[in-house]
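Quantities reported herein were computed from a predicted structural model and do not represent experimental measurements.
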Amino acid sequence: MEDTPLADLFEPVDRARWLGLVEGVLKGADFEKRLVSHTADGLRIEPLYGPAAPAAQPVREPGPWRIAQRVDHPDLAAANAQALIDLEGGADALVLAFAGAAGARGYGLTAASVEDLDAALKGVMLPLIALRIDAGGRGLEVARLVSALAQRRGEDLSTYDLDLGIDPVGVLAATGSLGAVWKDIAPRLAETVAELEAAGFTGRAFLADGRPYHEGGAGEAAELGAVLATAVAYLRALEDAGHDLSTARDRIAMLLTADADEFVTVAKFRAMRRLWARVEQACGLDPKPLRLHAETAWRMMTKRDPFVNILRTGMAAASAGMGGADSVAVLPYTQALGLPDAFARRVARNSQIVLIEESHLARVSDPAAGAGGFEALTAELAEAGWAAFQAIEAEGGIVASLSVGKLQRRIELTREARAKAVANRREPLTGASEFPNLSEKPAAVLDVPPVAGPRGSNFGAGSAVACDALPSLRLAEPYEALRDASDACLAKTGRRPAVFLANLGPVASFNARATFAANAFAAGGIEALSNEGFSDAEAAAAAFRDSGASLACICSTDAIYAEHAVATAEALAKAGAGPIYLAGKPTDLAEPLKQAGVAAFLHVGCDLLALLNAALRAAMRGPAPQTPR
């Protein structure tokens, strides 16, 4: 017995046996609905995967990913202080977000000359760090400022680990306009690269940026396809101008968004490297490691309960790093509220330091290799991303597709589907649509007003390309708008809109649904007024009259509803309640309850956003006139 391997003591496990156990737990429930999920692009995610042989997977250069910190303060001296603190605190890369760029989020560097840029980077030893520029429509102008800065400092531009971030296609997607038509812009891009190379530049001039598509609602495959199509557009522009393909591909970097879905984010980053290697091979090139940047997703950030953003961005950073990102920029947890303070910046920086130095996530070049789920989803995303890329190419390329709105329409369909999932909480947002805290204290941000950057772009002048801009959205915005209205009501009247919970029976009967209802209404800024429960309809109606609320929600079990719900709804209606809600799904009593005054049923999967919008409007109007007793 002592020599028996431990595994031999247990019955062998296979998928058939596992499925048998699952069926016993499900008790007839639908396996597909309960356990199988799908990505935004419809890719199937199984509940369990078997082991997989590692597929050929391009990886980043050996070593940990770079910890990138944003420099986005409008005041140059303050921006310089931020940069130095971040570098001294462990960051080894900076992202210069210039005012006017979409990525600056309403703030950003205001450097307009080489002297300004030198002041913002005073004391920063540029040859020792990585630098990425996020200048939006000012891409060409800022690229020349960086080159002039190297000359001013007497440094060789080739010693800079530099990503200039020039991305006219991203500007077109985000703003809907460019300063010229693409056939005029492309040669100018190639001329700029030639000028920079003559000055010693050896970094990445162009950035194929996935942020405009992700923020506009794109799924993972659509983002991959758009980024790949953008990179190919830049590759063609350089080749058409006579640049060697091998050198041209070294001038291109990519940026993908990383969100809190670990499974999908890791697979997306791995798929991007496979896709680019496929393009390189099609060009007759031996694949080289792609420069792949990550930034945590703006779309997932919330203003309410912003501390949850620390968890979201921490998971996103870990996923991007494990997926093979070369650098990761974490949005500070208060980014959606204003310009982050020193503490929020420190948390963004230190979260990555913990992942690299304490959790050792960068010690393995490809941690997902051989994991069945990651390998399967990476392969599926790569194929779906390639199909999305081919669709764009068939439309004439990324600029042509954007110009006629075809890519925007496909993304719009995904955005609308996700909006429904947010509205019915199938895609929950902690702190916004789930577990809201009406008593939360506001998080601190710097007292700095937003700044407006230069309008338009410097990519050209004349007849411009124009299209529908992709929106930049956060998923929590509809719920935040309701909370803002509630806050305004509180400030004006001293009281939030309220809903009276007409709890029927003992606590054990109503507690679950009353708790559910209270949290659901709180997501819209409506305060729930609870109680110990009532034994009859008239007692509930009397308590409602005394509460001062205008809304009421009946809470209890289906068995108690069968006996008392209709009478309670009638009594509440006579007492002036309106609208009246019932916590639970409609049953055979649905019609009698509606006739008694119940306006809607509050349950898992209902369109909560629509319910809350109507409820808040009604609550703002105040109580309805009471019917005399």
Next on the checklist: Ring-plane angle category for F263 and Y49, please: parallel below 30°, perpendicular beyond 60°, tilted otherwise.
Outcome noted: tilted

Item to check | Backbone N/O of R270 and side chain of Q57: donor-acceptor pair under 3.5 Å | outcome: yes

Next on the checklist: Looking at G170, is its backbone amide N or carbonyl O close enough to the side chain of D209 to form a donor-acceptor pair, meaning the two atoms are under 3.5 Å apart?
Outcome noted: no

Next on the checklist: Let's go through K288 and S246 carefully: what are the C-alpha distance in whole Å and the side-chain angles of both, what is the deciding distance for side-chain hydrogen bond (donor to acceptor under 3.5 Å, both in side chains) to 0.1 Å, and is it a yes or a no?
Outcome noted: CA-CA 10 Å; K288 291 176 60 176; S246 180; 5.9 Å; no

Item to check | Heavy-atom closest pair, residues V422 and L475 | outcome: CG1-O, 3.7 Å

Next on the checklist: I'd like to check T430 versus R312 (side-chain heavy atoms, cut-off strictly below 4.5 Å). Are they in contact?
Outcome noted: yes

Item to check | Chi angles and distances behind the side chain to side chain contact (heavy atoms under 4.5 Å, CB included) call for V445, L339 | outcome: CA-CA 6 Å; V445 293; L339 194 62; 5.8 Å; no

Next on the checklist: With heavy-atom distances below 4.5 Å as the criterion, would you say the side chains of E395 and V404 are in contact?
Outcome noted: no

Checklist entry - Could you go step by step and tell me if Q335 and D72 meet the side chain to side chain contact (heavy atoms under 4.5 Å, CB included) rule? => result CA-CA 11 Å; Q335 190 74 57; D72 55 0; 4.1 Å; yes

Next on the checklist: With a 4.0 Å cut-off on N to O distance, would you call R60 and D366 a salt bridge?
Outcome noted: no

Checklist entry - Within a strict 4.5 Å, meaning less than it, do heavy atoms of the P168 and L189 side chains meet? => result yes

Checklist entry - Just how far is it from atom CD of Q352 to atom OG1 of T313, taken to the nearest 0.5 Å? => result 9.0 Å

Next on the checklist: Is the shortest side-chain heavy-atom distance between L224 and L256 below 4.5 Å?
Outcome noted: yes

Item to check | Heavy-atom pair of closest approach, residues A344 and T334 | outcome: CB-OG1, 3.5 Å

Item to check | Heavy-atom closest pair, residues D305 and G431 | outcome: CB-CA, 3.7 Å

Checklist entry - Can you tell me how far the CD atom of Q408 sits from the CZ atom of R410, to the nearest 0.5 Å? => result 9.0 Å

Checklist entry - Minimum heavy-atom separation for A237 to A190, with atom names? => result O-CB, 4.0 Å

Next on the checklist: Looking at R474, is its backbone amide N or carbonyl O close enough to the side chain of E477 to form a donor-acceptor pair, meaning the two atoms are under 3.5 Å apart?
Outcome noted: yes

Checklist entry - Salt bridge or not for R211 and D134, using N-O below 4.0 Å? => result yes

Checklist entry - Just checking, any donor-acceptor pair under 3.5 angstrom between side chains of K268 and S319? => result no

Next on the checklist: Counting C-beta onward and ignoring hydrogens, is there a side-chain heavy-atom pair between F435 and P428 closer than 4.5 Å?
Outcome noted: no

Checklist entry - Considering all heavy atoms of both residues, which atom of G370 and which atom of E375 are nearest to each other, and what is their separation? => result N-OE2, 2.9 Å

Item to check | Salt-bridge contact D161-R291 (side-chain N to carboxylate O under 4.0 Å) | outcome: yes

Next on the checklist: I'd like to know if the side chain of T265 and the backbone of D259 have a donor-acceptor N/O pair within less than 3.5 Å.
Outcome noted: yes

Checklist entry - Looking only at heavy atoms, what is the nearest atom pair of G605 and R426, with distance? => result CA-NH2, 4.0 Å

Item to check | Any donor-acceptor pair under 3.5 Å from R70 side chain to A97 backbone | outcome: no

Next on the checklist: So, taking the atom named NZ in K585 and the one named SG in C606, what distance separates them when rounded to the nearest 0.5 Å?
Outcome noted: 10.0 Å

Checklist entry - Which value, rounded to the nearest 0.5 Å, describes the distance between D468 atom CG and R409 atom CZ? => result 5.0 Å

Checklist entry - Is the backbone N or O of P306 less than 3.5 Å from a side-chain atom of N309, with the two atoms forming a donor-acceptor pair by type? => result yes

Next on the checklist: Please check: side-chain N/O of E215 versus main-chain N/O of R299, any donor-acceptor pairing under 3.5 Å?
Outcome noted: no

Item to check | Flag, side chain of R273 to backbone of L290, donor-acceptor distance under 3.5 Å | outcome: yes

Next on the checklist: So R204 and H293, do their side chains get closer than 4.5 Å, heavy atoms only?
Outcome noted: no

Next on the checklist: To the closest 0.5 Å, what do you measure between CG (L381) and CD (E220)?
Outcome noted: 6.5 Å

Item to check | Residues, nucleotides or ligands: over 12 heavy atoms within 6.0 Å of D286 CG | outcome: no

Next on the checklist: Between V308 and L429, does the side chain to side chain contact (heavy atoms under 4.5 Å, CB included) criterion hold? Intermediate values first, please.
Outcome noted: CA-CA 10 Å; V308 182; L429 306 172; over 6 Å; no

Item to check | Flag side-chain contact, heavy atom, 4.5 Å: L164 against F201 | outcome: yes

Checklist outcome for this item: So CG of L331 and CZ of R105: to nearest 0.5 Å the spacing works out to 6.5 Å

Checklist entry - side chain to side chain contact (heavy atoms under 4.5 Å, CB included) between D163 and L207: does it pass, once the steps are laid out? => result CA-CA 8 Å; D163 284 86; L207 181 71; 5.5 Å; no

Item to check | Heavy-atom check, side chain of T302 versus side chain of Y479, under 4.5 Å | outcome: no

Checklist entry - Any salt bridge between E383 and R278, counting N to O under 4.0 Å? => result yes

Item to check | E239 with R251: basic N within carboxylate O range, under 4.0 Å | outcome: no

Checklist entry - Any sub-3.5 Å donor-acceptor pair from Y234's side-chain atoms to V169's backbone N or O? => result yes

Item to check | Residue R34 excluded, over 12 heavy atoms near CZ under 6.0 Å | outcome: no

